[in-house]
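Excluded from the calculations below are hydrogen atoms, water molecules and symmetry mates; all remaining heavy atoms, backbone and side chain alike, are included. On a predicted model such as this, the values are computed, not experimentally measured, just so you know.
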Amino acid sequence: MSSFKTSINIKFDFGKNEIINRYLPTPSHADSLKGILSGFNNSNQRAHIIVGPYGTGKSLLGTIIGGLASKEFNLDDINTLVEKFNNVDEEIYTNLKQMESNKREFLPILLNGNEGRLRYAILSNLIKELEKQNKDIIVPGIVNQILSTINIWEHEFPETYNDFLYLLSENQHEITEWKEEIKGYDRNSINWFKEIFQS
């Protein structure tokens, strides 16, 4: 059975070492890789756009770069890729070796293109990936939601608001100070509110 595959699906092929094994360096990939790998290794320029017609290997390149940046490939896979560029382009070879020893681990967020508005798709997939990695994050908008809830309690549910103030005082806080901590994205204050809100 042939291992030839006509296309790459980044979401489903991500992290598979067969991608590295069947990869053949091309001049157009070399130019893209130089800029992108250099951005990961040496500068703060990490935003890149790869443009090209259908079938030029954009998804393949994205899968490889994502796997390298997130340390998804093992050392043998990386060495295989490094050797493929050894006699092709010295700058890429050097950048790949540097990427191998780079201690930073990036978290790829993979979109399928059919998830609605871009902002929502990125946030939604970011949260899912962070949960999968057991990493905690304060979601944008949580501060407004908390402050809005407190405001509703104060003006429409005074009994609930007074109970909340009592819990705050038990936690050695007063309302003005606590609101400032929430506005400053203080993780402990936000998590405390989540706990009492759910109880």
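Counting heavy atoms from C-beta on, the side chains of Trp192 and Leu167 come closer than 4.5 Å. In this structure the side chain of Lys179 reaches within 4.5 angstrom of the side chain of Ile150, judged on heavy atoms. In this structure, the side chains of Arg187 and Ile190 stay at 4.5 Å or more apart for every pair of heavy atoms. With a 4.5 Å cut-off on side-chain heavy atoms, Ile146 and Ile142 count as touching. Within the 4.5 Å cutoff, the side chain of Ile92 has heavy atoms near those of the Leu96 side chain. Looking at heavy atoms from C-beta onward, Glu129 lies out of side-chain contact with Leu126 at the 4.5 angstrom threshold. Counting only heavy atoms from C-beta outward, the side chains of Glu83 and Thr80 never approach each other to under 4.5 Å.
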Can I get a per-line list of side-chain donor-acceptor pairs under 3.5 Å for residues 59-78, giving both atom names and the distance, sequence neighbours left out?
from	atom 1	to	atom 2	distance (Å)
Thr63	OG1	Ser59	O	2.7
Ser70	OG	Gly66	O	2.8
Lys71	NZ	Met99	O	3.1
Lys71	NZ	Asn102	O	2.4
Asn74	OD1	Asp76	N	3.0
Asn74	OD1	Asp77	N	2.8
Asp77	OD2	Asn74	N	3.4

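Side chain of Ser169 to backbone of Tyr166: a donor-acceptor contact under 3.5 angstrom is found. Lys84 contributes a side-chain N or O that, together with a main-chain N or O of Tyr23, makes up a donor-acceptor pair within less than 3.5 Å.
Annotation for Tyr185 and Gly141: closest pair OH-N, 4.5 Å, computed over non-hydrogen atoms. Residues Val51 and Lys58 come closest through the heavy atom pair C-CD, 4.0 Å. Closest approach of His29 and Thr56 over heavy atoms only: NE2-O, 3.1 Å.
Legend: salt bridge (charged side-chain N to carboxylate O under 4.0 Å, His left out) pairs involving residues 151-177, not counting sequence neighbours: none detected.
Here the CG-CD1 distance, from Asn79 to Ile20, works out to 10.5 Å after rounding to the nearest 0.5 Å. Here Ser38 contributes atom OG and Gln98 contributes atom CD; the two are 8.0 Å apart, rounded to the nearest 0.5 Å. For the atom pair CG of Asp186 and CG of Asn191, the computed distance is 9.0 Å after rounding to the nearest 0.5 Å.
Ring-plane geometry between Phe164 and Phe193 is classed as perpendicular, the angle between the planes exceeding 60 degrees on a 0 to 90 degree scale with a lower cut at 30.
No donor-acceptor contact under 3.5 angstrom links the side chains of Tyr161 and His155, judged on distance only.
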Give the intermediate values and the outcome of side-chain contact (heavy atoms from CB on, under 4.5 Å) for residues Ile19 and Arg22. CA-CA 6 Å; Ile19 299 291; Arg22 71 171 191 254; 4.0 Å; yes

Might you work through the side-chain contact (heavy atoms from CB on, under 4.5 Å) test for Asn95 and Leu33, ending with a clear yes or no? CA-CA 9 Å; Asn95 270 307; Leu33 273 170; over 6 Å; no

